[in-house]
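Worksheet: one structure, shown below.
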Amino acid sequence: MTTKEADRPPESFTVLDVGGTTLRVGSYTPATGRLSRVRRVPVEGKALHPEASVPELQERVVEQIVREVERHGAGASGAPRAVGIAFAGPVTADGLVVAAPTVWGLRGAPLPLGERLGERLGVPVAVVNDLTAAAWRYAATEPEPFCLLTVSSGIGNKVFRDGDVLVDPAGHGGELGHWVCDPSPDAPLCDCGGRGHLGAVASGRGVLAAARRAAAADPAGFSASRLAALCGGGHPDAIGNPALAKAIAEGDAFATGVLRGTLVPLAQAVSAVFTSIGVCRFILMGGFALAVGERYRTLLVEELVRQGCFGLAADRVDALMSLGAPDDDHGLLGAGRLLTARCHPTPPLADRPPA
């Protein structure tokens, strides 16, 4: 290697994770598989501008991404070779964002984000769903097919098999959160506008709503619970997700009973995926599930065993489910590894198995 080559900065990708409230941007170095210089800012979406129209919010988000990529590149020694974006919404194979309820609302024309950004930035741009990107993170270390399942403000999933995520080119697939598990007319309302969706029942928001209903229906039981103590023993509306997760993790009977009820349809969904396509590995992530931690995994496994996973004994059901990494870098690392797979046929050093 010449002195000039040695002094050359390592090739890197700029990666972004665009969620409903936060935009994360960082650098991913394919030679090492490492993430660096991560920065977090509020998304210029409906959370910041609730009165803005959908077209205005779409333009704000596009301009923000361009601005953040350029700002990130200005602080580094050299422009990125490519840009990878994990986006909160269904995305087609060519980077068309079909919808983004958490970013700009329920309505609006699809946004050709990949095309727009490619024209503005002058480098290759890959736009994928945020869970698709997250699946690529775990694909680097998982030798067998797996299903990534997230339980946070909503519920989603992606299956990784035969070297790629199983998603229709039009963006369909991996939307367990919108499976109708409660067809009753007064079922909980989903963020998408539908009723009785799994995400409305079993997500962090769904469990919180169930806990508040249970506290109102059983004030004596609630008052005697650890959950009430963590909430100051006040009104059911004082219950929040941090206290709820902590109470469940500590084994509070009242909070645990609420969670068990919401795990019934979630276990049904997991069992359906398992029995329909034979995926024998599920990785559980998401803010609410990981806040509860191992207790959440244990309770979900118990419900799966109670319902039965066809052909599996209890010990195999337990081995079916594991917790993901306790951080919020899934989309960034996944976008970096997706770009690496597309640009480099050889895996980065950090992702190679030991010799």
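Applying the salt bridge (Lys or Arg N to Asp or Glu O under 4.0 Å) rule to E302 yields the partners R260; only residues at least two apart in sequence or on another chain are considered. Listed by chain and number, the residues in a side chain to side chain contact (heavy atoms under 4.5 Å, CB included) with R212 are L208, D237, I239 (sequence neighbours excluded). Every residue two or more places apart in sequence or in another chain that forms a salt bridge (Lys or Arg N to Asp or Glu O under 4.0 Å) with D318 is listed here: R297. Residues passing the side chain to side chain contact (heavy atoms under 4.5 Å, CB included) test with A289, sequence neighbours excluded: V151, L284, Y296. Here R40 pairs with D328, D329 under the salt bridge (Lys or Arg N to Asp or Glu O under 4.0 Å) rule; sequence neighbours left out. R120 is linked by a salt bridge (Lys or Arg N to Asp or Glu O under 4.0 Å) to E63, counting only residues two or more places apart in sequence or in another chain.
Residues W104 and V97 meet the side-chain proximity criterion, which asks for heavy atoms closer than 4.5 Å. Annotation: side chain of Y138 is not in contact with side chain of L333 (no heavy-atom distance under 4.5 Å). The shortest distance between side-chain heavy atoms of L339 and W136 does not fall below 4.5 Å. For the pair R81 and V123, the minimum side-chain heavy-atom distance is 4.5 Å or more. Counting heavy atoms from C-beta on, the side chains of P188 and R195 never come closer than 4.5 Å.
The line from CG of D17 to CZ of F87 is 10.5 Å long, rounded to the nearest 0.5 Å.
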- Message: Quick one, R37 with H72, criterion side-chain hydrogen bond (donor to acceptor under 3.5 Å, both in side chains). Give me CA distance, side-chain angles, the key distance, then yes/no.
- Response: CA-CA 9 Å; R37 301 177 55 236; H72 196 76; 3.1 Å; yes
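Annotation for T262 and V201: closest pair CG2-O, 3.5 Å, computed over non-hydrogen atoms.
Under a 4.0 Å N-O distance rule, the pair R116/E59 qualifies as a salt bridge.
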